[in-house]
*Asks:* 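This structure is in structure tokens; I'll ask about it shortly.
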Amino acid sequence: MYSDKVMDHFKNPRNVGEIENPSGVGEVGNPVCGDIMNIYLKIENNVITDAKFKTFGCGAAIASSSMATELIRGKTLEEAWDISNKAVAEALEGLPPVKMHCSVLAEEGIHKAINDYRKKQGLEPWVEKNPHSHDHEEDGEGLTCQH
Amino acid sequence: MYSDKVMDHFKNPRNVGEIENPSGVGEVGNPVCGDIMNIYLKIENNVITDAKFKTFGCGAAIASSSMATELIRGKTLEEAWDISNKAVAEALEGLPPVKMHCSVLAEEGIHKAINDYRKKQGLEPWVEKNPHSHDHEEDGEGLTCQH
Amino acid sequence: MGEKRIIYMDHSATTYVRQEVVDAMAPYHTENFGNPSSIYRIARASKKAIDTARAQVAQALGADADEIYFTSGGSESDNWAIKGIASANIRKGSHIITSQIEHHAVIHTCQYLEKEGFTVTYLPVDRYGLVDPADLEKAITDKTILISIMYANNEIGTIEPIAELGAIARNHKIPFHTDAVQAVGNVPIDVNAQNIDLLSLSAHKFYGPKGVGVLYIRKGTKIDNLIHGGGQERRRRAGTENIAGIVGLGKAIELATADIEGHNKKIQAMRDRLQKGIIATIPSTHLNGHPEKRLPGNINISFEFIEGESMLLWLDDEGICASTGSACTSGSLEPSHVLLATGLPVEISHGSLRLTLGNINTDADVDFVLEVLPKVVTRLRDMSPLYKKSGKDGGCNVQ
Amino acid sequence: MGEKRIIYMDHSATTYVRQEVVDAMAPYHTENFGNPSSIYRIARASKKAIDTARAQVAQALGADADEIYFTSGGSESDNWAIKGIASANIRKGSHIITSQIEHHAVIHTCQYLEKEGFTVTYLPVDRYGLVDPADLEKAITDKTILISIMYANNEIGTIEPIAELGAIARNHKIPFHTDAVQAVGNVPIDVNAQNIDLLSLSAHKFYGPKGVGVLYIRKGTKIDNLIHGGGQERRRRAGTENIAGIVGLGKAIELATADIEGHNKKIQAMRDRLQKGIIATIPSTHLNGHPEKRLPGNINISFEFIEGESMLLWLDDEGICASTGSACTSGSLEPSHVLLATGLPVEISHGSLRLTLGNINTDADVDFVLEVLPKVVTRLRDMSPLYKKSGKDGGCNVQ
Ligand SMILES: Cc1ncc(COP(=O)(O)O)c(C=O)c1O
Ligand SMILES: Cc1ncc(COP(=O)(O)O)c(C=O)c1O
């Protein structure tokens, strides 16, 4: 079902944990949908010097968190912002179609953490260039999980 | 499917053939339904001294003809008339339900042959006491085979 | 009846499972028994085995793997194709076209739908059992939602002009289903070249196990499920997969389609010799089905003046396995609807014999049948009142 | 992942085929392969084998042999029972009663019928998964044509009060169907004492082969066919019989019902020790299903703060086969409808684990799972943001 890379990042997740006094935090997902990701960033001179995560979710969610935090470490905020969910999935050597939303969640978590930092800095939050059909939406009827 | 007795009478049918100048002949059945039985009787002093048959039909039809001719040989006409299809089937150690009509055909063939004889003798034909739902009937629409 | 040799000439009824197939199936009962829907290792092995089988079937039909759906056999596939298309397209229309010589799995399903309000046209066939494409063209209305014509007939072996019929259906944008249960392994099939949108097959007709089949469904075809439930077969056919059976089907179709030409050549040589021999030695016979457009192993001959079941019983006594279109074996009222549709008189239909040759047969089998069959026919004719009436060699003069 | 020992605790998903059953099936592939509808010797042997299996099933259910119909599995049986009753009784009414916790083979079939114009009442269950007979009584209208309540639930193992529910149906003269797929071999079944009119079962849940099942139909029940065609199964279920599968089912049900009490005692002892051990060593768990009225091998526990699929992956890595009610394994949007029907919050349902013990398990298996599982849960909780928020041992404070 999962690629070896996914299994590796699931079984040996990189960067699990929290950062004390993080520069920015992104909390995405919803327990009702079965996945929550918290991304913690340490940012110095516009560069992500540390990234950590805590995730409640399936194997793909954990692996996506692990890979996403790996990919953004050492990157500038602009570079990190541009890392798409597809890049995460590709770095994992692919995800099953029903699990692609996990990589979307990772991208969203990073964006949210970056904007959290920007807001704290008194900067305008960046706007999503390609808003994907969001994974977890409140519609009129309540929460829908778009898996 | 068939009892050993049926198979024996099918494989070694008794009394196959015709009788020259028979005392009575009974022709029943219809090729459209897949079975025809001709029963030939030699009658002397009200006793059936010889009985033969020719049959076009399935294993049960052939075995029933064979058994029926066996059962009536040496019998008075009254005795032979009273041999029912059930008696034929029982003598064969049973017939599958869908094949019971073959024993009915045998009973009818004997009755027809006896009445053929009686008519030739200028006697009233006997009337069926328990007319069964006849096997081959002409209804409004044409022939129905009641298997 | 002792330990006589069995001469099996009823391959159209069912086949034995070939050893390679038995071997391929074995591990899936006891070792790799996992439910393919589960995520652990032994279950993933089951899933992989099913994927392989699906690819084997796709390859044999010229289809994509994701157009192959496993079922419990030919009857389920036929029912699914017909009812599934009917109920999914009811808003478009309720007219179905099929033929008079379909298998009961098609005919009875259509009759059921007639009771539910559908209209069904049963196309006639000629004396050889062929459907005329012109008849199909004429029967199509703007309410027609399905055309279902069998690939090859199970009784008389006639092979229908599927590509032509499919092209007509395609022109009218009507889904085209073919019951190819008898065709697989005997005829090269290409669903794209032949414009087939749905196709039924059943493993036990080509040396695979009983109780497993396939419905091919062309991508984009609008069809309802027949068996609802779990998400198996990409949510289209519920039920825990019969893994061993599916693996067996995959292996069997691969083997059966590897060298159709070679297979047919061998079978047909035996068939032709047997057929010629029968006709040469036994008078008053009718060859049923098409003389050339015909399954390689099929012989269907009617013998006048005698009835089929009694023939089968005698043949069985000699170890020969065969079948008949006589009503007397089935407990039904009518002899073979297929023979009747070709115009054969009812009384002669009762005396039909089907011999279907396959992998198991040898030249010695042919010799043996040629030795036994004339005796059986003679014995039965000698006790038939019809034979006498006809003067032993005249036509059939029954009323 | 190497050659680790497999600890199979997913017997409710499917079972291996026991050796006696494999052996019983073997001759029907290659020797006795005849089509049971044919009249020759090797075919009569097939027919006899089917008769034997039919008697074995009848014996296990307290039914008559001619009330047993072989199908391709539990899903087909459920579909047949529900659609067959629905379409045969449409003139009487179009209301069906079932429960919220049925298998998808029942629920999705009912939903399909809703689209076709039928009305369906889905009875609620209590926190243990029990249907209340009073609710059934209240739901019945003069348009009710079918009541279908499962015998034992596949996820949480809860055993429903079938005899009581059946008696209510009988009082109202409404056909009563029960999906007993999980019950066979675990619960003594008597269709007469329990007022069951239709019953579904599937061989692969009691150490028989996959792809074969049974629908029991009480004599006199008005029901349409689901699969039309040939005259097999006394004209009620078309398709060449899966003889090997049917023989396997017969043997398997005979073995599975020979000593239910002894079997349950052994399995339940292991189950109880495992369940107690898990609850004792892992905090913040919820036991799902009824504490006593429950299948002997079933454990269903939710672990707060973590998600089921990630648990399964870790367990699989240790060779343990289990399942979960999390939506994440199924690709569906919702976690188990069964857990939700018992009132378990959605977020906790995601963290459910089902372990189902069976013949293959040993005390050593129980020890091993008790060793591994706490570590897996801890590992996943340690990386869960919910766990931290809750203060590690508080309740589930998700919004
Ligand atoms: C309660 C229940 N009903 C029906 C089914 C369907 O049975 P099958 O998978 O054999 O079609 C299952 C198992 O999958 C089940 O557990
Ligand atoms: C042409 C044809 N269609 C359908 C079927 C039904 O297949 P099955 O018996 O596998 O259900 C058969 C054989 O029985 C057949 O010959």
Side-chain angles (χ1 to χ4, degrees), chain B residues 1-2 4 6-18 25-40 52-66 69 95-102 105 109 135-139 141-147, chain C residues 1-2 284 302-318 321 323-336 339-340 344-353 372 375-390 392 395-399:
Chain B
M1 180 170 80
Y2 287 133
D4 289 347
V6 172
M7 285 310 294
D8 175 33
H9 276 260
F10 167 70
K11 286 172 63 183
N12 309 296
R14 298 15 163 204
N15 315 313
V16 177
E18 296 177 34
V25 177
E27 288 193 30
V28 288
N30 189 303
V32 171
C33 301
D35 36 29
I36 294 185
M37 254 179 230
N38 289 3
I39 305 278
Y40 308 90
K52 289 203 178 289
F53 78 90
K54 281 216 158 180
T55 289
F56 157 83
C58 63
I62 290 168
S64 294
S65 318
S66 167
T69 48
L95 282 173
V98 290
K99 297 295 189 180
M100 279 304 287
H101 74 276
C102 294
L105 213 56
D135 206 44
H136 307 86
E137 291 179 345
E138 302 270 357
D139 67 11
E141 307 266 359
L143 194 87
T144 346
C145 305
Q146 301 199 337
H147 287 195
Chain C
M1 297 198 177
S284 302
S302 297
F303 300 91
E304 289 185 31
F305 321 122
I306 60 177
E307 188 277 332
E309 191 215 74
S310 49
M311 248 190 293
L312 295 195
L313 288 172
W314 272 120
L315 292 174
D316 178 40
D317 194 56
E318 300 278 0
C321 304
S323 70
T324 173
S326 172
C328 294
T329 43
S330 59
S332 73
L333 300 181
E334 293 248 303
S336 158
L339 296 178
L340 298 183
L344 197 70
V346 186
E347 54 275 22
I348 301 182
S349 302
H350 282 295
S352 75
L353 180 71
V372 168
K375 290 187 210 158
V376 168
V377 172
T378 302
R379 179 150 31 192
L380 290 170
R381 282 184 174 170
D382 279 348
M383 67 172 82
S384 168
L386 300 175
Y387 192 47
K388 180 200 143 203
K389 276 191 194 162
S390 76
K392 294 225 171 196
C396 175
N397 70 348
V398 291
Q399 53 280 59

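Sequence lines set the chain letters: A, B, ... in the order given, protein chains first and strands last, and positions in each chain run from 1.
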*Asks:* If you look at every heavy atom in Gly59(B) and Ser310(C), which pair is closest and at what distance?
*Replies:* N-CB, 4.2 Å
*Asks:* Which atom names give the shortest non-hydrogen contact between Glu309(C) and Cys58(B), and what distance separates them?
*Replies:* OE1-CB, 3.3 Å
*Asks:* Side chain, backbone, both or neither: which part of Pro96(B) has a heavy atom under 4.5 Å from chain C?
*Replies:* neither
*Asks:* For Asp317(C) versus Lys11(B), what's the shortest heavy-atom pair and its separation?
*Replies:* OD1-NZ, 2.9 Å
*Asks:* About how many Å separate CZ of Phe56(B) and OH of Tyr387(C), when rounded to the nearest 0.5 Å?
*Replies:* 14.0 Å
*Asks:* I need the minimum non-hydrogen distance between Leu313(C) and Met1(B), along with the two atoms involved.
*Replies:* CD2-CE, 4.5 Å
*Asks:* Restricting to non-hydrogen atoms, name the atom on Glu307(C) and the atom on Gly34(B) that form the minimum distance, rounded to 0.1 Å.
*Replies:* CG-O, 3.7 Å
*Asks:* So with a 6.0 Å cut-off around CG of Asn12(B), is the heavy-atom count from everything else above 12?
*Replies:* yes
*Asks:* Need one label for Ala61(B): side chain, backbone, both or neither, based on atoms under 4.5 Å from any heavy atom in chain C.
*Replies:* neither
*Asks:* Name all residues meeting the salt bridge (charged side-chain N to carboxylate O under 4.0 Å, His left out) criterion together with Arg379(C); count only those two or more places apart in sequence or in a different chain, and write none if there are none.
*Replies:* none
*Asks:* How far apart are the closest heavy atoms of His350(C) and Pro31(B), and which atoms are they?
*Replies:* CD2-O, 3.3 Å
*Asks:* For Ser349(C), give me all partners under side chain to side chain contact (heavy atoms under 4.5 Å, CB included), at least two apart in sequence or on another chain.
*Replies:* Pro335(C), Leu339(C), Leu340(C), Leu344(C)
*Asks:* Compare all side-chain heavy atoms of Pro13(B) with those of Met383(C) and state whether any distance is below 4.5 angstrom.
*Replies:* yes
*Asks:* Of all of Ile62(B), Thr55(B), Val16(B), which one pairs up most often with chain C through heavy atoms under 4.5 Å apart?
*Replies:* Thr55(B)
*Asks:* Roughly how far, to the nearest 0.5 Å, is the NZ atom of Lys54(B) from the CG atom of Asp382(C)?
*Replies:* 6.5 Å
